[in-house]
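Here is the structure we will look at, set down as structure tokens.
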Amino acid sequence: KVKVVARGLGNITEGDITRAEASQAKLVGFNVKISSQAEELARQRQVQLKAYQIIYDLLNDLKAEIQELVRPEIKRLDLGQVKVLAIFKVGKKEQIVGGKVSQGLIKPDSLIEVLRQDQVVALGKLSQLQSNKQIVDQAEAGADCGLKYEGQPIIQVNDILQVYREEKIYKQVK
């Protein structure tokens, strides 16, 4: 919730700065002036102070600040699965593997759960996808593909890669 500590008319003064500091509040002014002494005091006491001349700028900034305080709900969207058929390269924090898309569709820049015997053994990211030695935007069920996996390099042949995305859903601030 947003709590208005005080409101008033007139220019912003040192008293307003002191009140904002005492209540650990931000000081917002609309169509007012700020004395140089008040600005200096706000800097010294580290009170956030902002003045606006356009009401829409004030409303948009306040909505954006409130939106940052509201934690988003994270929704998982499963895209598809790949059965690993071959391991081509193993690096320190990545692997290049080949497989067949067993269901759904997979896309680069997705997240991956590595499943072995129905247990999640690692999490990573699908950073690049290839089909017939060409980089592609997606691979559908039944397609053979190669993919670059970024994460702990523990993928083995016959592992299942569950490919998914996470969407952040923000509650709308009115």
Sidechain N-carboxylate O distance under 4.0 Å for E65, K50: no
Side chains of [X] and [Y]: does their closest heavy-atom pair fall under 4.5 Å?
X    : Y    : value
R19  : V5   : no
I106 : L147 : yes
P108 : Q128 : no
N11  : S35  : no

With sequence neighbours left out, write down each residue that passes side chain to side chain contact (heavy atoms under 4.5 Å, CB included) with S102, or none if nothing qualifies. Q81
With K93 via side chain to side chain contact (heavy atoms under 4.5 Å, CB included) - residues at least two apart: none
If the test is side chain to side chain contact (heavy atoms under 4.5 Å, CB included), which one of K89, E94, K125 qualifies with K148? E94
L126 and I96: same hydrophobic cluster, using ILVMFWY side-chain contacts below 4.5 Å? no
How long is the gap from OH on Y149 to CG on L161, to the nearest 0.5 Å? 8.0 Å
Please determine whether the number of non-hydrogen atoms from other residues, nucleotides or ligands lying under 6.0 Å from atom CD of Q46 exceeds 12. no
Would you indicate whether Q48, at its atom CD, is surrounded by more than 12 heavy atoms from other residues, nucleotides or ligands within a distance under 6.0 Å? no
Worked check of salt bridge (Lys or Arg N to Asp or Glu O under 4.0 Å) between D109 and K107: CA-CA 7 Å; D109 298 319; K107 297 180 177 186; over 6 Å; no
Across all chains, not counting sequence neighbours, the salt bridge (Lys or Arg N to Asp or Glu O under 4.0 Å) partners of D137 are none
Could you tell me which non-hydrogen atom of G29 sits nearest to which non-hydrogen atom of L58, and how far apart they are? O-CD1, 4.2 Å
